[in-house]
Asks: 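A single structure is presented below for examination.
Only a predicted model underlies this, so the values are computations on that prediction, with no experimental measurement involved.
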Amino acid sequence: GLIPQSLAMLTQLVNLDISSNSIEGRIPKSLATLSQLESLNLGVNDLTGIIPDEFGNLTSLLELYLHNNDLDGSMPDSICALRSIKLERLSVDCNELNAEVECPEDCCTLCDVEEIDTDTFGWNGLRL
């Protein structure tokens, strides 16, 4: 399936983990309206296209996992700028051998992660 546009209406959402759900299509720009979001895990799906520049508006974001998808292009500068604000973990398929997303070395913290143990980071799915 696709990421529902209606998720953008959950304005108090803090954690969103929809990893490993065979989600297809593009990442909706509307997710960038979730201003309270601290953790976003879209990893291990079948997402395509580019990473929305609008994600740079998520200034509360601590963790962003986009690995193991079919994304391409470059990591938007607006997201890399979040690393100097609050963003601690940024994972995307960006290693040199089969890079899908170009990511500056000082921006992405994890490249080509096969599987992340989400319990390590305290993931508990949706949390309002």
Side-chain angles (χ1 to χ4, degrees):
L2 303 172
I3 297 175
Q5 294 285 338
S6 58
L7 278 178
M9 297 186 332
L10 301 173
T11 57
Q12 298 302 308
L13 194 64
V14 175
N15 292 334
L16 177 59
D17 183 355
I18 51 176
S19 62
S20 302
N21 276 293
S22 301
I23 297 171
E24 300 173 330
R26 296 183 177 270
I27 300 172
K29 293 177 182 180
S30 60
L31 289 182
T33 63
L34 300 173
S35 61
Q36 303 300 311
L37 208 58
E38 294 178 359
S39 299
L40 177 58
N41 190 344
L42 303 177
V44 195
N45 281 297
D46 296 312
L47 296 169
T48 58
I50 61 171
I51 300 165
D53 186 55
E54 290 80 1
F55 276 19
N57 296 330
L58 297 173
T59 56
S60 296
L61 205 59
L62 295 169
E63 302 172 331
L64 176 59
Y65 297 101
L66 302 170
H67 60 280
N68 290 4
N69 279 293
D70 292 317
L71 300 169
D72 55 27
S74 296
M75 181 62 64
D77 291 338
S78 62
I79 295 175
C80 291
L82 293 178
R83 295 274 295 129
S84 65
I85 299 173
K86 211 170 188 183
L87 187 63
E88 296 173 2
R89 294 185 188 97
L90 175 56
S91 172
V92 69
D93 299 322
C94 58
N95 81 8
E96 292 180 18
L97 296 176
N98 57 352
E100 294 178 3
V101 175
E102 292 179 33
C103 192
E105 188 175 312
D106 62 344
C107 181
C108 292
T109 60
L110 301 165
C111 288
D112 268 351
V113 176
E114 288 299 319
E115 187 173 319
I116 292 177
D117 178 5
T118 55
D119 291 336
T120 301
F121 301 120
W123 287 96
N124 59 2
L126 290 171
R127 183 180 68 154
L128 295 173

Asks: Would the distance check show the side chain of D93 and the main-chain N or O of L71 forming a donor-acceptor pair, the cut-off being under 3.5 Å?
Replies: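 Judged by distance alone, no pair lies under 3.5 Å.
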
Asks: Do C103 and C108 have their SG atoms under 2.5 angstrom apart?
Replies: yes

Asks: Establish whether L13 and M9 are linked, either directly or via other cluster members, by ILVMFWY side-chain heavy-atom contacts under 4.5 Å.
Replies: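 In one cluster with L13: M9, no.
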
Asks: Taking all heavy atoms of P52 and all of I27, pick out the closest pair and write down the distance.
Replies: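 Closest pair (atom of P52, atom of I27, distance): CG-O, 3.6 Å.
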
Asks: Is there a side-chain contact between S35 and N57 (heavy atoms, below 4.5 Å)?
Replies: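 Side-chain contact under 4.5 Å: no.
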
Asks: Taking the side chain as everything from C-beta on, heavy atoms only, tell me whether T11 gets closer than 4.5 Å to T33.
Replies: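 They are not in contact (no side-chain heavy atoms under 4.5 Å apart), so the answer is no.
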
Asks: Heavy atoms, side chains only, cut-off 4.5 Å: are L64 and L87 in contact?
Replies: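 Yes; the side chains approach each other to less than 4.5 Å.
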
Asks: With a 6.0 Å cut-off (strictly less than), is the heavy-atom count around CG of D77, excluding the residue itself, greater than 12?
Replies: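 No - once you tally the heavy atoms of other residues, nucleotides and ligands closer than 6.0 Å, there are 12 at most.
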
Asks: Between T109 and L90 (side chain of the first, backbone of the second, donor and acceptor by atom type, cut-off under 3.5 Å), is there such a pair?
Replies: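 Side chain of T109 to backbone of L90, a donor-acceptor pair under 3.5 Å: yes, one is there.
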
Asks: Ignoring hydrogens and geometry, is there a side-chain-to-backbone donor-acceptor pair from N45 to L47 under 3.5 Å?
Replies: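 Looks like no, no N/O pair under 3.5 Å.
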
Asks: State, to 0.1 Å, how close N41 and H67 come at their nearest heavy-atom pair, and which atoms those are.
Replies: OD1-CE1, 4.4 Å

Asks: Assigning hydrophobic clusters by single linkage (Ile, Leu, Val, Met, Phe, Trp, Tyr; side-chain heavy-atom cutoff under 4.5 Å), is I50 placed with V92?
Replies: no

Asks: In terms of hydrophobic clustering (I, L, V, M, F, W, Y; side-chain heavy atoms under 4.5 Å; direct or indirect links), are L66 and L62 co-clustered?
Replies: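 Hydrophobic grouping puts L66 apart from L62.
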
